[in-house]
Enquirer: 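Pasting in a structure now, in structure tokens, and then I'll have a few things to ask.
Below, chain A is the first sequence line, B the second, and so on; all start at residue 1.
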Amino acid sequence: MEYNFGEIEKKWQGKWNDANAYKVSNKSDKPKYYVLDMFPYPSGAGLHVGHPLGYIASDIFSRYKRLKGFNVLHPMGYDAFGLPAEQYAIEHGVHPAVSTEQNIGNFRKQLDKIGFCYDWDREVRTCETNYYKWTQWIFLQLFNSYFNPATKKATPITELVKAFEIDGSISIDGLRATIKSFTAAEWKAYSEKEQQDILMEFRLAFCGHGEVNWCEALGTVLANDEVVNGVSERGGHPVEKKRLRQWYLRITDYADRLLNDLNKLEWSDAMKEMQTNWIGKSSGAEISFKIQVSSYNDTPSNVELTTHNSPLTVYTTRPDTIFGVDFMVVSPEHELVTGITSAAQQKEVEDYINYVKSRSERERQAEKKITGAFTGAFAINPFDGREIPIWISEYVLAGYGTGAIMAVPCGDERDFKFANHFNIPITNIIGDAFNGTEPNATKDAKLTNSGFLNGVVLRDAIDIVIDKLEEMGIGKRKINYRMRDAAFSRQRYWGEPFPIVWKNGIAYPLSENELPLELPKVDSYSPGPEGEGPLANIDSWVEKNLETNTMPGYAGSSWYFLRYMDNHNDAEFAGREATDYWNQVDLYIGGTEHAVGHLLYSRLWTKVLHDLGHLSFDEPFKKLLNQGMITGKSYFITYVHVYSNGDKARMIEKRIFNANKYFDSQGRIVRSALERYAKTEEHFPLMDNVIWGGKTESGEQYAELIDIVEKMSKSKGNVFNPDDIVNEFGADTFRMYEMFLGPIEQSKPWDTKGIEGVHRFLKKLWRLFYDDSKGKVWNEEVPTPAELKILHRTIKKIEDDTERFSFNTAVSGFMVCVNDLADAKCHKRAILEQVLILLTPYAPHIAEELWHSLGNEGFIIDAPFPQFEGKYIVESTKEYPISINGKVRANLNLPLDMEQAEVETIVTANETVQKWLEGKAPKKIIFVKGRMINVVI
RNA sequence: GCCUUGGUGGUGGAACUGGUAGACACGCAGGACUUAAAAUCCUGUCUUCAGCAACGGAGGUGCGGGUUCGAUUCCCGCCUGAGGCACCA
């Protein structure tokens with residue numbers, strides 16, 4: 001009887017399904033445990049081998065926890081709204097709901113083959129009305145709330161209205177800069193529009209204006225993803241920034257809580273650091289400088305400097321360096337730029353602004369070339385009256401701080417390079433700490449050339465300067481965050497409609513009983529007028545004055561983990577009883593690519609729902625495990641043809657092309673396909689003579705295969721389908737192989753080279769129970785101490801490794817165990833049965849089959865996890881490595897309880913040690929009990 | 001450019017808290033079984049020097065330094081791969 005994985009896996013998947021083996025109840029005497037996967041976007045390419053990596057890990061952990069006696073919630077669903085489905089619709093005319101449904105069906109089939117223990121009764125799909133009804137409901141909670149700075153909590157906006165009616169704007173501490181102060185009487189006298197405009201400045205979901213990538217030729221707004229090198233990916237049309245009305249989430253109000261509460265989480269330091277850096281809290285000062293602009297008097301030669309009516313406000317973390325400011329840099333978009341540019345500089349400034357317009361934020365930051373333009377205006381240093389030239393440059397971004405900086409070239413790298421490039425003289429305010437060739441950002445030097453601050457240590461000068469500025473009324477302390485409010489609207493079709501009606505420029509929320517606001521069918525997915533979304537093309541929609549934007553992809557994914565807890569609830573997003581019971585996600589597994597997007601938004605939504613009294617917890621994911629990405633290998637062929645052309649010297653022709661389609665699913669080259677292609681399309685004019693794999697001496701022509709590791713995606717043609725592996729080797733082999741590839745957190749290129757080894761392991765396990773010719777070989781004999789040692793060592797290994805998510809070493813632990821048992825010719829039920837339970841999380845099908853072969857009733861997942869007993873593995877002696885000066889020279893078997901003095905005597909007497917000592921006495925003998933011995937000579 | 005993270009044999013990786021570098025696999029080489037193949041099993045496999053051999057010497061964890069009795073592990077500098085950078089999900 002041989003290991004027929006195909007039959008076994010199909011059989012048990014059927015039985016588990018029929019018996020609802022993985023159905024989870026919200027009521028149990030057992031302790032709860034919630035294991036969550038980042039749900040997939042059901043793309044048309046289907047599941048690739050990267051998806052299951054995390055799913056297998058979470059499945060292993062879920063089964064492990066269940067064996068350990070927990071009530072385990074382990075659900076799955078689909079993040080089903082999004083751009084790709086819409087693009088597919090535009091290109092093929094298939095409604096996104098249809099293609100999404102198909103893709104989900106396909107995903108489900110692929111997932112089922114791998115034998116996951118999901119409770120499918122809890123499935124959610126973000127694009128279904130019974131789900132997005134609640135996404136819209138949560139949006140209304142956000143819209144109808146504001147962040148109360150006194151309590152630091154989301155509070156119903158009605159409370160704010162009450163406060164305005166009693167005290168006017170003074171009821172708000174730290175009134176937003178965009179609002180003028182008003183009295184209670186003034187508030188009541190305001191028109192509804194005026195009142196609502198003020199409230200909009202407070203709502204957690206609010207409407208404002210923001211820039212998008214606008215492509216005139218396509219008449220649409222593009223995602224950053226769709227813009228490549230400043231032109232549209234489709235068609236290569238120019239793209240520029242356009243200002244549109246947009247919805248936002250006021251995540252910046254939560255910046256401090258999001259930052260501080262990271263302490264509560266069991267996330268990797270790397271992940272916490274990424275979020276910390278993203279939030280980017282800094283403290284410093286805002287400083288206003290007077291501006292002097294030049295204006296012509298009659299003739300261009302008669303230039304006069306006059307004071308501009310508004311000052312230039314900069315944000316700096318280093319007010320201590322104010323005497324070292326040699327120039328100002330404002331972002332090219334800054335509102336002051338047009339007003340302060342001198343006539344002489346006008347052309348240069350305009351040209352520069354046009355150049356910057358076409359560039360993305362990333363390009364602007366990554367640019368090594370130093371660019372900029374002088375405005376012709378000057379700022380005045382408030383302390384010494386120096387005239388400081390004001391420049392514009394792309395490295396200063398409008399969205400951060402005030403969009404303007406004071407540049408201190410002796411202390412800042414970029415400022416220094418800028419000054420050098422444009423020959424701006426540098427003031428040294430840090431004495432010897434500045435050597436003239438490279439800037440020094442120290443805070444520990446003493447100030448020089450700094451007026452009243454001379455001799456003060458920079459670090460101490462920070463507060464002195466801010467105090468002085470505040471006294472003079474031209475500056476103030478300021479905490480700044482790099483994080484910006486989250487753009488929450490898209491000019492797209494395939495997303496949740498906003499439950500908002502516009503009347504006279506006022507946004508009115510729909511009431512709860514009007515939800516869900518269903519996404520209407522459209523005839524065309526093309527964008528509406530003026531960059532509006534496709535919904536703007538629907539007359540019935542526009543007539544009702546409904547919002548034509550839709551929500552972004554992350555709307556649905558910001559709370560899906562809550563819906564799993566109670567997904568059939570029609571009355572609430574999730575019942576309080578259910579959310580109280582399941583509480584936080586105990587273990588969340590997913591990729592680092594979501595570090596600052598999804599993970600931050602989910603935290604925000606959870607906090608808001610908590611503040612408003614809908615949840616008892618304010619952090620969604622207690623422990624986070626980041627799986628590495630399985631990258632795909634892309635193959636490229638470089639072809640070089642060197643030839644002579646008449647009298648001329650050698651000509652070199654070089655071509656590089658993507659060759660993914662000439663490789664099969666296991667990454668093997670399909671030579672015939674390649675050759676056919678080479679000949680028909682003339683990629684290699686002299687194919688017959690091509691030398692593979694490198695250069696030749698004479699270099700007539702050669703072709704070389706290179707592989708590039710990159711993210712798997714359909715467009716790159718490097719996607720591998722798990723079905724192929726499952727069909728060939730079985731789900732258990734696939735599961736264990738993906739784990740065996742390496743540490744779960746590490747990213748690695750997909751490769752099937754080692755899969756045979758894992759498959760062989762399972763066959764070897766099988767043979768402990770059944771011999772190909774003899775049939776059943778397992779027996780009821782009593783295990784020997786040696787066999788029990790193998791078992792208990794394995795129990796410890798698997799338990800330890802699983803607890804610390806070291807799944808690859810656990811697999812190798814199983815291999816060692818089976819190798820040892822085979823060597824010991826152990827076919828004893830008492831041992832094997834326990835090994836099967838250990839193996840269940842990793843290879844559930846074969847474990848289940850053999851479990852029943854041993855005559856057990858019921859599913860193995862309900863068996864008790866083996867109890868480790870230390871007494872079976874105790875050792876009395878240890879083979880100590882003896883190092884001489886740190887290099888191992890001998891081994892010595894010594895009792896484990898032997899102490900230093902005795903060890904030293906024995907070691908010194910050792911023959912090998914004697915040889916190295918050459919008659920001398922050792923300087924020192926280092927003895928680490930149970931570890932090693934090092935003799936220092 | 002900025003943030004995060006990785007680099008160990010021909011390959012994937014192991015070494016968990018500074019204590020025997022290369023577990024477990026793949027591949028390769030040789031052998032057994034077989035009419036043959038598949039399957040299975042056995043032996044060897046970091047490099048290099050010396051050697052008939054048991055065994056021995058030297059080097060070795062991206063590169064260059066440092067701390068330490070001892071460094072893949074800690075510190076400094078550099079090279080390089082991957083992910084993210086706000087509208088892909």
Enquirer: Within the 4.0 Å heavy-atom criterion, would you say A:Val221 contacts the bases, only the backbone, or no part of the nucleic acid?
Expert: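 Base, at least one base heavy atom under 4.0 Å.
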Enquirer: Give a yes or no answer on whether the side chain of A:Glu86 reaches the backbone of A:Tyr493 with a donor-acceptor pair at less than 3.5 Å.
Expert: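 Looks like yes, one N/O pair under 3.5 Å.
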Enquirer: When the C1' atoms of B:C41 and B:C52 are considered, how many whole Å apart are they?
Expert: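 Those two atoms are separated by 30 Å.
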Enquirer: What does A:His594 touch in the nucleic acid at a heavy-atom separation under 4.0 angstrom: a base, only the sugar-phosphate, or nothing?
Expert: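 Contact class for A:His594: base.
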Enquirer: Quick one: label A:Val212 by what it contacts on the DNA or RNA (base, sugar-phosphate, nothing), any heavy atom closer than 4.0 Å.
Expert: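 The answer is base, as A:Val212 lies within the cut-off (heavy atoms under 4.0 Å) of a base atom.
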Enquirer: Taking the side chain of A:Arg804 as heavy atoms from C-beta outward, which of B:C85, B:C16, B:U20 is closest to it?
Expert: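 Closest nucleotide among those given: B:C16.
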Enquirer: Each nucleotide N or O in nucleotides 41-45 of chain B that has a protein N or O under 3.5 Å away: list the pair and distance.
Expert:
{"unit_1": "B:C41", "atom_1": "OP1", "unit_2": "A:Arg767", "atom_2": "NH2", "d": "3.3"}

Enquirer: Rounded to whole angstrom, note down the C1' distance from B:G27 over to B:A82.
Expert: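 Their C1' atoms lie roughly 26 Å apart.
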Enquirer: Quick check: any donor-acceptor pair below 3.5 Å linking the side-chain of A:Gln491 to the base of B:C87?
Expert: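 Answer yes: a donor N or O sits under 3.5 Å from an acceptor.
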Enquirer: Counting any heavy atom closer than 4.0 Å, what does A:Val816 reach on the DNA or RNA strands: base, sugar-phosphate only, or nothing?
Expert: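 Sugar-phosphate contact only.
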Enquirer: So, A:Arg364 side chain and A:Glu394 main chain: donor-acceptor pair closer than 3.5 Å or not?
Expert: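 It does hold such a pair.
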Enquirer: Using a heavy-atom cut-off of 4.0 Å across all strands, would you classify A:Pro40 as base, sugar-phosphate, or nothing?
Expert: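 Result for A:Pro40 = nothing.
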Enquirer: Walk me through whether A:Lys924 and A:Asn934 qualify under side-chain hydrogen bond (donor to acceptor under 3.5 Å, both in side chains).
Expert: CA-CA 8 Å; A:Lys924 200 161 138 196; A:Asn934 189 17; over 6 Å; no
Enquirer: For the P atoms, the ones on B:C2 and on B:G57, what distance do you get once it is rounded to whole angstrom?
Expert: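 About 49 Å, rounded to a whole number of Å.
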Enquirer: Nearest nucleotide by nearest heavy atom, which residue falls closer to the 5' end of RNA chain B, A:Asn213 or A:Asn808?
Expert: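 Going by which nucleotide is closer to the 5' end, it is A:Asn808.
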Enquirer: Choose from B:C87, B:C24, B:G84 the nucleotide whose nearest atom is closest to any side-chain atom of A:Val596.
Expert: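 Among B:C87, B:C24, B:G84, the one nearest the side chain of A:Val596 is B:G84.
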Enquirer: Test for a donor-acceptor pair under 3.5 Å between the base of B:C69 and the side chain of A:Asn934, counting only N and O atoms.
Expert: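 Yes.
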Enquirer: Distance check, P atoms only: B:U68 and B:U73, in whole angstrom units.
Expert: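 These two P atoms come out 16 Å apart once rounded.
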Enquirer: Within the 4.0 Å heavy-atom criterion, would you say A:Lys763 contacts the bases, only the backbone, or no part of the nucleic acid?
Expert: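 Touches sugar-phosphate only.
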Enquirer: So, for A:Thr592 and A:Met271, which heavy atoms are closest and what is the spacing to 0.1 Å?
Expert: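 Minimum heavy-atom contact is CG2-CE, 3.7 Å.
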Enquirer: Does the separation of the ring centres of A:Tyr880 and A:Phe927 fall below 6.0 angstrom?
Expert: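 Aromatic pair counts; centres sit under 6.0 Å.
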Enquirer: Between which residue ranges does RNA chain B form stems of three or more consecutive Watson-Crick or G-U wobble pairs, both distances under 3.5 Å?
Expert: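 RNA chain B forms these stems: B:1-7 with B:79-85, B:10-12 with B:24-26, B:27-32 with B:40-45, B:46-49 with B:56-59, B:62-66 with B:74-78.
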Enquirer: For A:Lys797 and B:C16, what is the distance between atoms NZ and C1' respectively, to the nearest whole Å?
Expert: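 Result: 9 Å.
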Enquirer: Base, sugar-phosphate, or nothing for A:Met483, non-hydrogen atoms under 4.0 angstrom?
Expert: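 Base, at least one base heavy atom under 4.0 Å.
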Enquirer: Look at the aromatic rings of A:Tyr560 and A:Tyr588 and report parallel, tilted or perpendicular, splitting at 30° and 60°.
Expert: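 Because their plane-to-plane angle lies in the 30° to 60° range, the rings of A:Tyr560 and A:Tyr588 count as tilted.
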Enquirer: Across the strands shown, which category fits A:Arg490 at heavy-atom distances under 4.0 angstrom: base, sugar-phosphate, nothing?
Expert: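 Here A:Arg490 touches the bases of the nucleic acid.
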Enquirer: Under the side-chain hydrogen bond (donor to acceptor under 3.5 Å, both in side chains) criterion, do A:Thr809 and A:Asp801 qualify, and how do the steps go?
Expert: CA-CA 7 Å; A:Thr809 53; A:Asp801 285 358; 2.9 Å; yes
Enquirer: Between protein and nucleic acid, restricted to nucleotides 53-58 of chain B and to nitrogen or oxygen atoms under 3.5 Å apart, what atom pairs and distances do you find?
Expert:
{"unit_1": "B:A58", "atom_1": "OP2", "unit_2": "A:Arg889", "atom_2": "NH1", "d": "3.0"}

Enquirer: What orientation do A:Phe206 and A:Tyr248 show, parallel under 30°, tilted 30 to 60°, or perpendicular over 60°?
Expert: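 A:Phe206 vs A:Tyr248 ring planes: parallel.
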Enquirer: In whole Å, measure the gap between the C1' atoms of B:A38 and B:G19 for me.
Expert: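 Result for the C1' pair: 47 Å, nearest Å.
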Enquirer: So, is A:Arg482 near the phosphate of B:C3, with a side-chain N or O under 4.0 Å from OP1 or OP2?
Expert: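 For B:C3, neither OP1 nor OP2 has a side-chain N or O of A:Arg482 closer than 4.0 Å.
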Enquirer: Restricting to non-hydrogen atoms, name the atom on A:Pro40 and the atom on A:Phe107 that form the minimum distance, rounded to 0.1 Å.
Expert: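 It is CB-CE2, 3.8 Å.
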Enquirer: Give me syn or anti for B:G9, where syn covers glycosidic angles within 90 degrees of 0.
Expert: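 Syn.
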Enquirer: Could you measure between the two P atoms, the one in B:G1 and the one in B:C78, and give it in whole Å?
Expert: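 Result for the P pair: 13 Å, nearest Å.
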Enquirer: Take atom CG of A:Leu600 and atom C1' of B:C3, then tell me their distance rounded to the nearest Å.
Expert: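 A:Leu600 atom CG is separated from B:C3 atom C1' by 14 Å.
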Enquirer: Nearest to the side chain of A:Asp79, heavy atoms from C-beta on, is which of B:G83, B:U4, B:A89?
Expert: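 Per side-chain heavy atoms of A:Asp79, the pick is B:A89.
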Enquirer: Do you know which two heavy atoms are closest between A:Ile744 and A:Leu53, and how far apart they sit?
Expert: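 Closest approach of A:Ile744 to A:Leu53: CD1-O, 3.7 Å.
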Enquirer: Hey, which sits more toward the 5' end of RNA chain B by its nearest nucleotide, A:Val811 or A:Asp225?
Expert: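 Its nearest nucleotide being more 5', the pick is A:Val811.
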Enquirer: Counting side-chain heavy atoms from C-beta on, which of B:U4, B:A23, B:U20 comes nearest to A:Asn277?
Expert: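 Closest of the options to the side chain of A:Asn277: B:U4.
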Enquirer: Tabulate atom names and distances for all N/O pairs under 3.5 angstrom spanning the protein and nucleotides 8-12 of chain B.
Expert:
{"unit_1": "B:U11", "atom_1": "O2'", "unit_2": "A:Lys753", "atom_2": "NZ", "d": "3.4"}
{"unit_1": "B:G12", "atom_1": "O2'", "unit_2": "A:Leu741", "atom_2": "O", "d": "2.5"}

Enquirer: Students often get this wrong, so: under 4.0 angstrom with heavy atoms, is A:Gln275 touching a base, only sugar-phosphate, or nothing?
Expert: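 Nothing: the residue A:Gln275, judged by heavy atoms under 4.0 Å, touches no strand.
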Enquirer: Not counting sequence neighbours, which residues clear ring pair (Phe, Tyr, Trp, His ring centres under 6.0 Å) with A:His827? List them please.
Expert: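 Partners of A:His827 by the ring pair (Phe, Tyr, Trp, His ring centres under 6.0 Å) criterion come out as none, since no residue qualifies.
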Enquirer: For B:G62 versus B:G81, give the span between their C1' atoms, rounded off to a whole number of Å.
Expert: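 Approximately 11 Å lies between the C1' atom of B:G62 and that of B:G81.
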Enquirer: Between B:C2 atom P and A:Arg364 atom CZ, what is the distance in whole Å?
Expert: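 Rounded to the whole Å, the gap is 17 Å.
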Enquirer: Flag the pair A:Tyr554 / A:Tyr601 as yes when their ring centroid distance falls below 6.0 Å, and as no otherwise.
Expert: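 Here the rings of A:Tyr601 and A:Tyr554 have centres that are less than 6.0 Å from each other.
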Enquirer: Please give, in whole Å, the distance from B:U20 P to A:Ile926 CD1?
Expert: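 In whole Å, B:U20 P lies 14 Å from A:Ile926 CD1.
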Enquirer: A:Tyr3 and A:Trp766: aromatic ring centres closer than 6.0 Å?
Expert: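 Yes, close enough.
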Enquirer: Closest approach to the side chain of A:Glu593, judged atom by atom: which nucleotide of B:G84, B:A86, B:G19 is it?
Expert: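 Output: B:G84.
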Enquirer: Does A:Lys241 have any salt bridge (Lys or Arg N to Asp or Glu O under 4.0 Å) partners at least two apart in sequence or in another chain, and if so, which?
Expert: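 Partners of A:Lys241 by the salt bridge (Lys or Arg N to Asp or Glu O under 4.0 Å) criterion come out as none, since no residue qualifies.
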Enquirer: Check whether any side-chain N or O of A:Asn819 sits under 4.0 Å from OP1 or OP2 of B:A25, and answer yes or no.
Expert: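 Looking at the OP1 and OP2 atoms of B:A25, one of them is under 4.0 Å from a side-chain N or O of A:Asn819.
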Enquirer: Check whether the ring centres of A:Phe81 and A:Tyr41 lie less than 6.0 Å apart, and answer yes or no.
Expert: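 Judged by ring-centre distance (under 6.0 Å), A:Phe81 and A:Tyr41 do not meet the cut-off.
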Enquirer: Under a 3.5 Å cutoff, is there a donor and acceptor pairing between the side chains of A:Glu226 and A:Gln87?
Expert: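 Note: A:Glu226 and A:Gln87 side chains meet the donor-acceptor criterion.
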Enquirer: Classify the ring geometry of A:Trp605 against A:Phe488: parallel below 30°, tilted from 30° to 60°, perpendicular beyond 60°.
Expert: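 Tilted, since the angle between the ring planes falls between 30° and 60°.
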Enquirer: What interatomic distance, in whole Å, is found between P of B:G6 and the corresponding atom of B:A15?
Expert: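 Here B:A15 and B:G6 have their P atoms 14 Å from each other.
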Enquirer: Using whole Å, what does the distance between atom P of nucleotide B:C85 and atom CD of A:Glu273 come to?
Expert: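 Result: 18 Å.
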Enquirer: Could you tell me whether A:Ala595 contacts a base, only the sugar-phosphate backbone, or nothing, with contacts defined as non-hydrogen atoms closer than 4.0 Å?
Expert: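 Nothing: the residue A:Ala595, judged by heavy atoms under 4.0 Å, touches no strand.
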Enquirer: Remember a base hit wins even if backbone is also touched, and classify A:Ser43 as base, sugar-phosphate or nothing at under 4.0 Å, heavy atoms.
Expert: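 A:Ser43: no heavy atom of the nucleic acid under 4.0 Å.
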Enquirer: Would you check if the distance from the ring center of A:Phe814 to the ring center of A:Tyr842 is below 6.0 Å?
Expert: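 Between A:Tyr842 and A:Phe814, which both carry aromatic rings, the centre distance is below 6.0 Å.
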